[in-house]
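The structure under discussion appears below in the form of structure tokens.
All heavy atoms count here, side chains included; hydrogens, waters and symmetry mates do not.
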Amino acid sequence: HPPSTRLITASLLVYRPRAAVFRVLTAYDRLSDYLPNCTHSQVLPLPPGSQATVRITQTAIETLPFWKGQQDRKTPSSSSSSSSSSSSSPSSRFLSSFPSFNPLSMLTQATILLDVHEDPQNHTITSFLVENSSAFLRTYEGRWRLFREREEGGRGGTRMCYEALV
């Protein structure tokens, strides 16, 4: 993969049949019910000649950390009492102890258009970025692969493997 991209992988065992897991992952209009940062997911009509199984649009909101310089920080005389710093997280207290940095966060929203290829026989779902509303995600290719798995003792489930090139 290109040097400016990252490969993200994850795996999870769920105690449900592969067909049921596949149905949940392909219920695109309901993905915002399951994905924490997804605020909207909708199936769109496929354009003529498309090789995709389905086209979807999704909107997600992400909290991104960033830092502001010392010139923007409150002076010690204008800051609140030390009890407020004891209620913040240890990492926030540690990072804000440096004189030149102050942790902040920023919400960013992105709407993407994805073409999705479903392969129910092999229990795979592959999606490709078609369009993106922000520079936050320049490329995306994601793949779900579902494998039948049996644990010792006979309990069966589905191993969900996810890969994303971003």
Side-chain angles (χ1 to χ4, degrees), residues 1-68 88-92 94-95 101 103-166:
H1 58 273
S4 62
T5 61
R6 289 184 217 83
L7 179 64
I8 299 167
T9 61
S11 176
L12 173 69
L13 177 62
V14 294
Y15 296 106
R16 298 288 181 259
R18 281 192 303 178
V21 174
F22 193 85
R23 280 192 306 272
V24 168
L25 290 175
T26 56
Y28 304 110
D29 288 334
R30 300 205 51 220
L31 286 180
S32 60
D33 295 342
Y34 309 114
L35 301 176
N37 295 341
C38 184
T39 60
H40 176 77
S41 183
Q42 179 183 1
V43 174
L44 300 175
L46 283 170
S50 175
Q51 299 299 311
T53 307
V54 67
R55 178 168 277 191
I56 60 174
T57 182
Q58 293 179 331
T59 301
I61 295 179
E62 185 67 41
T63 302
L64 301 174
F66 72 99
W67 309 97
K68 67 177 182 177
S88 61
S89 73
S91 61
S92 293
F94 170 76
L95 292 170
F101 292 104
L104 298 172
S105 62
M106 174 179 74
L107 287 178
T108 185
Q109 176 177 307
T111 298
I112 58 175
L113 188 63
L114 298 171
D115 274 355
V116 180
H117 301 273
E118 298 174 1
D119 183 350
Q121 289 182 333
N122 292 309
H123 297 92
T124 61
I125 304 161
T126 306
S127 49
F128 300 92
L129 183 66
V130 174
E131 192 176 295
N132 183 8
S133 68
S134 81
F136 178 69
L137 189 63
R138 291 193 175 115
T139 187
Y140 172 83
E141 181 179 329
R143 175 174 296 172
W144 283 102
R145 292 178 299 141
L146 307 176
F147 301 98
R148 187 175 304 129
E149 191 164 303
R150 289 246 180 253
E151 283 191 336
E152 220 174 285
R155 188 172 187 190
T158 300
R159 170 71 54 189
M160 301 172 64
C161 297
Y162 179 72
E163 298 175 343
L165 185 64
V166 294

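- In this structure, Trp144 CH2 and Cys161 SG are separated by 9.0 Å, a value rounded to the nearest 0.5 Å.
- Contact of the Tyr140 side chain with the Leu165 side chain is not registered, since no non-hydrogen atoms from C-beta on lie closer than 4.5 Å.
- Between Val24 and Tyr34, the closest side-chain pair of non-hydrogen atoms falls below 4.5 Å.
- To the nearest 0.5 Å, atom CD of residue Gln42 and atom CG of residue Leu113 are 10.5 Å apart.
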For a side-chain contact (heavy atoms from CB on, under 4.5 Å) check, start with the C-alpha distance between Glu141 and Leu129, then their side-chain angles and the critical distance, and finish with the verdict.
CA-CA 6 Å; Glu141 181 179 329; Leu129 183 66; over 6 Å; no
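- Using a 4.5 Å heavy-atom cutoff, the side chains of Tyr162 and Ser11 are not in contact.
- Residues passing the side-chain contact (heavy atoms from CB on, under 4.5 Å) test with Ser32, sequence neighbours excluded: Cys38.
- Judged purely by atom type and a 3.5 angstrom limit, Ser127 has no side-chain atom pairing as donor or acceptor with the backbone of Val116.
- Under the 3.5 Å distance criterion, the side-chain polar atoms of His117 are left unmatched by any main-chain donor or acceptor of Thr124.
- Gln58 places a side-chain heavy atom less than 4.5 Å from the side chain of Leu31.
- The CG atom of Asp115 sits 10.0 Å away from the CD atom of Gln51 when rounded to the nearest 0.5 Å.
- Side-chain atoms of Thr126 and Arg143 form a donor-acceptor pair, as typed in the model, at a separation below 3.5 Å.
- Across every non-hydrogen atom of Phe22 and Thr26, the tightest pair is O-OG1, 2.8 Å.
- Proximity of a side-chain donor or acceptor of Ser41 to a complementary backbone N or O of Arg30 within less than 3.5 Å is not detected.
- Side-chain contact between Ile8 and Glu163 is absent, with no heavy atoms from C-beta onward closer than 4.5 Å.
- Judged by distance alone, with hydrogens and angles left aside, the side-chain atoms of Ser50 form no donor-acceptor pair with the main-chain N or O of Leu46 at under 3.5 Å.
- Between the side chain of Thr158 and the main chain of Met160, no donor-acceptor pair closer than 3.5 Å is present.
- Smallest separation of non-hydrogen atoms from Arg16 and Val21: CB-CG2, 4.0 Å.
- Using a 4.5 Å cut-off on side-chain heavy atoms (C-beta onward), Leu146 and Leu25 make contact.
- Once rounded to the nearest 0.5 Å, the distance linking CD1 of Ile61 with OG1 of Thr39 reads 5.0 Å.
- Between Phe128 and Val130 the shortest side-chain heavy-atom distance does not fall below 4.5 Å.
- Across every non-hydrogen atom of Ala110 and Asn132, the tightest pair is CB-OD1, 4.3 Å.
- Listed here is the closest heavy atom pair of Pro47 and Arg55: CG-NH1, 3.5 Å.
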Verdict with reasoning, Arg159 to Arg148, per side-chain contact (heavy atoms from CB on, under 4.5 Å):
CA-CA 6 Å; Arg159 170 71 54 189; Arg148 187 175 304 129; over 6 Å; no
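- Between Glu131 and Ile112 the shortest side-chain heavy-atom distance does not fall below 4.5 Å.
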Please report the C-alpha distance between Leu12 and Val14 in whole Å, then the side-chain angles of each, then the deciding distance to 0.1 Å, and finally whether the side-chain contact (heavy atoms from CB on, under 4.5 Å) criterion is met.
CA-CA 6 Å; Leu12 173 69; Val14 294; 3.9 Å; yes
Test side-chain contact (heavy atoms from CB on, under 4.5 Å) applied to Leu114 and Ile56, step by step:
CA-CA 5 Å; Leu114 298 171; Ile56 60 174; 3.9 Å; yes
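- Between the side chains of Thr5 and Thr139, no donor N or O sits under 3.5 Å from an acceptor N or O.
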